[in-house]
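Notes for the one structure printed next.
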Number of protein chains: 2
Amino acid sequence: MEARHLRYALAVAEHQHFGRAAASLGIAQPSLSRQIADLEREVGERLFDRTPAGVFPTAAGAAFLAPARRALCEMASAVAEAGRAARGETGRLRLGFIGSALLRFLPSVLTPFRRDHPGVRLELREMSTARGSAALLGGELDLVIGRGAPRGPGAEHLVSVTVGRDDLVAVVGKGHPYAGLRTVTAAQLARQHLIVASADDEPAVRAGLRALLGADASVLDTATEARDLRTIIGLAGCGVGVGLGPSGMRAAGRSDTWFCAVTPRTPLPDLVMSYRADDRSPVLAAFLAEARRRGDDLPG
Amino acid sequence: MEARHLRYALAVAEHQHFGRAAASLGIAQPSLSRQIADLEREVGERLFDRTPAGVFPTAAGAAFLAPARRALCEMASAVAEAGRAARGETGRLRLGFIGSALLRFLPSVLTPFRRDHPGVRLELREMSTARGSAALLGGELDLVIGRGAPRGPGAEHLVSVTVGRDDLVAVVGKGHPYAGLRTVTAAQLARQHLIVASADDEPAVRAGLRALLGADASVLDTATEARDLRTIIGLAGCGVGVGLGPSGMRAAGRSDTWFCAVTPRTPLPDLVMSYRADDRSPVLAAFLAEARRRGDDLPG
DNA sequence: CACCCGCGATACCTCACAGCTATGGGCCCC
DNA sequence: GGGGCCCATAGCTGTGAGGTATCGCGGGTG
């Protein structure tokens, strides 16, 4: 049994007339008669009563037509769904990102992407750069935004694109001696208790800090580690010490905090977007296209 | 696009290998390659990634396969549903009947029919013989059980089968003078206030009563008319008068009522089952078969 | 590095069958 | 009783599904 048989049966049911049904299908009446006869033979039941008053479905015919209609409908939607999926209008995007991406990059991309691709299920998970690249290689994520391009085994199967740059800034509570300063030096930082991102989570950030502090880098061994920017800001705000983070962090400042630039100007590892090189997902492609469009106005 | 294309695509997805998929379909590999290529051209999207590691659905392919599976499923169920409908296992039977059929005929037919045809929706409506045959001719019912074969315009399009016979019996309250009598005569009835079925509803019954009462038939003009047997029994039970109805009515007797046979023995019009002669519904056929099987043990 | 092997694509043939025209047969209506 | 409408049947034709043979490519191996 082929879809053709269903289409023909539905046409006969609709027109209640073989001749007109055949005309509507663009075929000759005998061809239609034959196909319906074949269908009835295959189903094993007479599907239509040919009466002088017209052609009407039998009980079996009526029971046949309902699922037949649904079957053709499903076939049409199979094509439609394939097209939508290929255009990236439906599907799923599993995105892992570090907190600073929420301040700097994601808002300008996610908003238009959501608007243009309402059928896509976005699964957003905040996580460290290290966990993110592992999950990406493990196939649990489709896209990762972290700090510094992924390294290590498997990284050659990934493509990485820089989507943002940040300088290091310090954050202190309003009562701290540095509050009010426009800049602080590496030497000034080394004399304070520091609050920094976890070395395991953000190895590239930690390496940058070590380079900045030079001989004083050992202070990092006793620094307070926090797993996200809000915690760094919060701890600094209540006087625990001097928080260090990306300049994008300024956007998350509160009334009890003060931000200082760091001299010498210290660029953090790039904010990098990574995905599997062999990933042909149209949703991913659509997201990348949007990111490229929005990424142009980022600081280069 | 034909069902064949869907079957082939599903086979490729299942085996992740053109050669094995073709073998499972009983065709050669190049034929399968060609059909898949045709399908992809028609859908307008590549549905499978041919990699050295195997053949995997693209995003579009995955989106296509789900409704494709449903479509084939619907096609299979179309055949299955047609078969069930043709065997009378599914469908609808709209049955109109008079109250006495519930006492005499329907219980022995409905119980096994329900058991053997659980998928059939039975629409049972108690109604008078007159309304029943009108509804049958109007196409609002498929089967009617009434008293006396339908007459009048259109009746020649109906087939009627006798399914039960009743003699006329009288019913009185326990306090009535006739209570305790085995039989009452026509003359005795004529001296009492009578409770009978409505002349409009059951003309055949009324004609029988007139014949029985002969010259005294005028007492019927002032008789109480009731529209169903339970009402006749109830009114007689509380002393309103002498109820008249079919002998099957005895089964609905209560502790406050007494039944008398009528002499001379007065057969009521037959309990008759009617349906449209041109009705080819398998459900109807199945019901008629059941009725024939159970009808044999009826009083003839 | 060259060779081989496995797999999908391509080329070309062939035959089955979907569709066509012509015609038959049943039923209703005039 | 004759004519017309409608579906079924008969026989022919061309398209395309399926077949065989072969190519091209990528990956593993001696």
Side-chain angles (χ1 to χ4, degrees), chain A residues 1-58 60-61 64-65 68 72 75 156-157 277-278 280, chain B residues 1-58 60-61 64-65 68 72 75 156-157 277-278 280:
Chain A
M1 187 168 63
E2 289 296 337
R4 180 183 60 251
H5 295 112
L6 306 189
R7 287 188 281 267
Y8 289 6
L10 289 173
V12 170
E14 185 189 343
H15 291 90
Q16 304 183 340
H17 189 289
F18 275 73
R20 282 190 288 277
S24 84
L25 291 165
I27 63 173
Q29 169 265 315
S31 307
L32 178 58
S33 284
R34 188 149 210 324
Q35 292 300 313
I36 295 292
D38 288 350
L39 176 61
E40 288 176 326
R41 193 170 37 73
E42 181 160 358
V43 172
E45 306 294 345
R46 202 154 181 81
L47 298 177
F48 293 99
D49 264 337
R50 288 77 157 169
T51 74
V55 179
F56 304 100
T58 61
F64 179 89
L65 291 169
L72 291 179
M75 286 182 66
E156 68 274 16
H157 299 124
D278 63 355
R280 295 277 161 273
Chain B
M1 188 168 61
E2 289 296 337
R4 183 183 55 252
H5 295 111
L6 308 188
R7 286 189 281 267
Y8 289 7
L10 289 173
V12 170
E14 185 189 341
H15 292 89
Q16 305 184 341
H17 188 290
F18 275 74
R20 283 192 288 277
S24 84
L25 291 165
I27 63 173
Q29 169 263 317
S31 306
L32 178 59
S33 283
R34 189 156 214 320
Q35 292 300 311
I36 296 292
D38 288 350
L39 175 62
E40 288 177 327
R41 195 171 34 72
E42 181 159 358
V43 173
E45 307 294 346
R46 200 152 182 81
L47 298 177
F48 293 99
D49 263 338
R50 286 81 157 166
T51 75
V55 180
F56 303 100
T58 61
F64 180 88
L65 291 169
L72 291 179
M75 284 182 67
E156 68 275 16
H157 299 123
D278 64 354
R280 294 279 159 270

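Residue numbering restarts at 1 for every chain, and letters A, B, ... go by the order of the sequence lines.
- Listed here is the closest heavy atom pair of A/Pro57 and A/Leu65: CB-CD1, 4.0 Å.
- The side-chain heavy atoms of B/Arg7 and B/Leu72, taken from C-beta on, include a pair separated by under 4.5 Å.
- One atom, CG of A/Asp38, and another, P of D/dT9, lie 11 Å apart when rounded to the nearest Å.
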Protein proximity profile, nucleotides 18-30 of chain D - base contact B, sugar-phosphate-only contact S, no contact -, cut-off 4.0 Å on heavy atoms: BBBB----SS---

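- A heavy-atom distance below 4.0 Å to DNA chain C is reached by these residues of residues 11-22 of chain B, ordered by number: B/His17, B/Phe18, B/Gly19.
- Under a cut-off of 6.0 angstrom, the local environment of CZ in A/Arg34 is sparse, with at most 12 non-hydrogen atoms contributed by other residues, nucleotides or ligands.
- Atom CG of B/Leu47 and atom P of C/dG8 are 16 Å apart (whole Å).
- In this structure, the CD atom of B/Glu2 is 18 Å from the P atom of D/dT15, given to the nearest Å.
- The side-chain contact (heavy atoms from CB on, under 4.5 Å) check on A/Ala68 picks up A/Leu6, A/Phe64, with sequence neighbours excluded.
- The CG-P distance, from B/Asp49 to C/dC7, rounds to 18 Å in whole Å.
- Rounded to whole angstrom, the span from the CE atom of B/Met1 across to the P atom of D/dG16 amounts to 17 Å.
- For the pair A/Val12 and A/Leu32, the minimum side-chain heavy-atom distance is below 4.5 Å.
- In this structure, the side chains of B/Leu10 and B/Glu14 stay at 4.5 Å or more apart for every pair of heavy atoms.
- More than 12 non-hydrogen atoms from other residues, nucleotides or ligands lie less than 6.0 angstrom from CZ of B/Arg50.
- Remark: P of C/dG19 and CG of A/Leu39 are 13 Å apart, rounded to the nearest angstrom.
- A/Asp278 places none of its side-chain heavy atoms less than 4.5 Å from the side chain of A/His157.
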